[in-house]
Visitor: 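Please find one structure pasted underneath; my questions will follow.
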Amino acid sequence: MQIRGSSHRLSSMGNNRSRIPALLISMFATFASIYVAGRLWQDAENRVYLIKELDRITGQGQSAISVDDTLKIIACREQHKKLDAIETELAGARQEGFVSKPLIKTNGTYSMRRPLVVIGILTKFGRQKNRDAIRKAWMGSGASLKKIEEGKGIIVQFVIGRSENRGDNQDKDIDRENRLTNDFIILDNHVETNDAFPKKAKLFFAHAADKWDAEFYAKVNDDVYVNIDALGATLATHLDKPRVYMGCMKSGEVFSELNHKWYEPEWWKFGDKKSYFRHASGEMYVISQALAKFISINRSILRTYAHDDVSAGSWFIGLDVKHVDEAKFCCSSWSTGAICAGV
């Protein structure tokens, strides 16, 4: 009797165990069915489109939509949705000025050509003789300046701010000169002072990036002569580099003596307090569009130091930037094939 009872209990236990997997399988199948049904009925828009497509195809004498056609239709609808979303984002980006403008208006017509470089010659009040010398030597004026822009894709402008005494004779002189030459970028929100040169360089790059959709942007001093053809030829070899910072690279000494010409008030911030980080000489340097856009977007938080070349170099620390040390940009060397020469 004990043996038969034990056999009956073992049989019952075996039956219970066999029921458990069956119950789990049944639950899994139920959940799977619910999930599949939910997925099938999730997109009402796709269902409507499929029904319309079915009617269209059956009306043409075909019996039904194949599985492949169904999948293609669904994929196509999803791609349309993504494309619409991207186009909306693109329109918003254009409004914010973060997307290049593909068309450039010239004399009432449109051209697909993008300017190669915008050159900003940073100048000051009382320096008209320097500006006139530059116009005669390499920049040109009037029709010749326009010819350089249209023929070579090189835009050249003097860059200046406003007087501390807004509207005084200094401002009036610049406005008068600009009416005659039409070759100034006047930074209305910048006050011309002896220690504001780095800020002016930053504002130039920001302004130029906002106004012109160029490949490169160059800063030049108003006592430097530029070989336009040599500059264009050199820049053309770097069009494949999206983030390029080009110039006569150096790591000069940091001067902490108050009376020194190149005194740096924040000398204590520069590492060993003996030399700066690598940066391009301030007589002339060039940056690509991506870096100019970076300056434009971050202009309010980018730090400036005592010198504009050091300031510019500091903005690109930590970024994925290609530093190009080009001897042709060493304006004081007067070497053969040089792009610039200081006077």
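Along the sequence shown, residues carry numbers from 1.
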Visitor: Going by distance alone, is a donor N or O of one side chain under 3.5 Å from an acceptor N or O of the other, for R131 and T123?
Guide: yes

Visitor: My understanding is that only residues two or more places apart in sequence, or in another chain, count here; which of them pass salt bridge (Lys or Arg N to Asp or Glu O under 4.0 Å) with K219?
Guide: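 Scan of K219 (salt bridge (Lys or Arg N to Asp or Glu O under 4.0 Å), adjacent residues dropped) gives D308.
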
Visitor: Starting at CD1 of I297, measure out to NZ of K293 and round the result to the nearest 0.5 Å.
Guide: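 So the CD1 of I297 and the NZ of K293 are separated by 7.5 Å.
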
Visitor: Should H279 and K250 count as side-chain neighbours, where that means a heavy-atom distance under 4.5 Å?
Guide: yes

Visitor: Return the set of residues passing side-chain contact (heavy atoms from CB on, under 4.5 Å) with Q157 (not counting sequence neighbours), or none when no residue passes.
Guide: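 Applying side-chain contact (heavy atoms from CB on, under 4.5 Å) to Q157 gives I155, D183, I185, W212.
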
Visitor: Checking K124 now: which residues fulfil salt bridge (Lys or Arg N to Asp or Glu O under 4.0 Å) with it, not counting sequence neighbours?
Guide: none

Visitor: With sequence neighbours excluded, give me every disulfide (SG to SG under 2.5 Å) pair touching residues 161-217.
Guide: none

Visitor: Which residues, ordered by chain and number, are linked to I301 in its hydrophobic cluster, where ILVMFWY side chains connect at heavy-atom gaps below 4.5 Å, directly or through other members?
Guide: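 Its cluster partners, ordered by chain and number, are none at all.
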
Visitor: Can you list everything that forms a ring pair (Phe, Tyr, Trp, His ring centres under 6.0 Å) with F184? Sequence neighbours excluded, please.
Guide: F158

Visitor: Apply salt bridge (Lys or Arg N to Asp or Glu O under 4.0 Å) to E215 and list each qualifying residue two or more places apart in sequence or on a separate chain.
Guide: R114

Visitor: Side-chain heavy atoms nearer than 4.5 Å, only ILVMFWY residues, links allowed to pass through others: does that put I119 and V224 together?
Guide: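 Hydrophobic grouping puts I119 with V224.
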
Visitor: Any sub-3.5 Å donor-acceptor pair from K241's side-chain atoms to K322's backbone N or O?
Guide: no

Visitor: Taking only residues two or more places apart in sequence or in another chain, which ones pass ring pair (Phe, Tyr, Trp, His ring centres under 6.0 Å) with H190?
Guide: none

Visitor: Is it the case that the side chain of S296 and the backbone of A292 share a donor-acceptor pair, with hydrogens and angles ignored and the cut-off at 3.5 Å?
Guide: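 Not at all, since once roles are kept as given, no pair shorter than 3.5 Å links the two residues.
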
Visitor: Sort and list the pairs that fulfil disulfide (SG to SG under 2.5 Å) and have at least one residue in residues 218-249, not counting sequence neighbours.
Guide: C248-C330

Visitor: Just to verify, what does F316 make a side-chain contact (heavy atoms from CB on, under 4.5 Å) with, not counting sequence neighbours?
Guide: Y245, I287, L291, I295, L319, V321

Visitor: Who passes side-chain contact (heavy atoms from CB on, under 4.5 Å) against R162, sequence neighbours left out?
Guide: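 In terms of side-chain contact (heavy atoms from CB on, under 4.5 Å), with neighbours along the sequence ignored, R162 is linked to R166, D171, D175, I186, D188.
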
Visitor: Can you name the salt bridge (Lys or Arg N to Asp or Glu O under 4.0 Å) partners of D223, sequence neighbours left out?
Guide: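 In terms of salt bridge (Lys or Arg N to Asp or Glu O under 4.0 Å), with neighbours along the sequence ignored, D223 is linked to no residue.
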
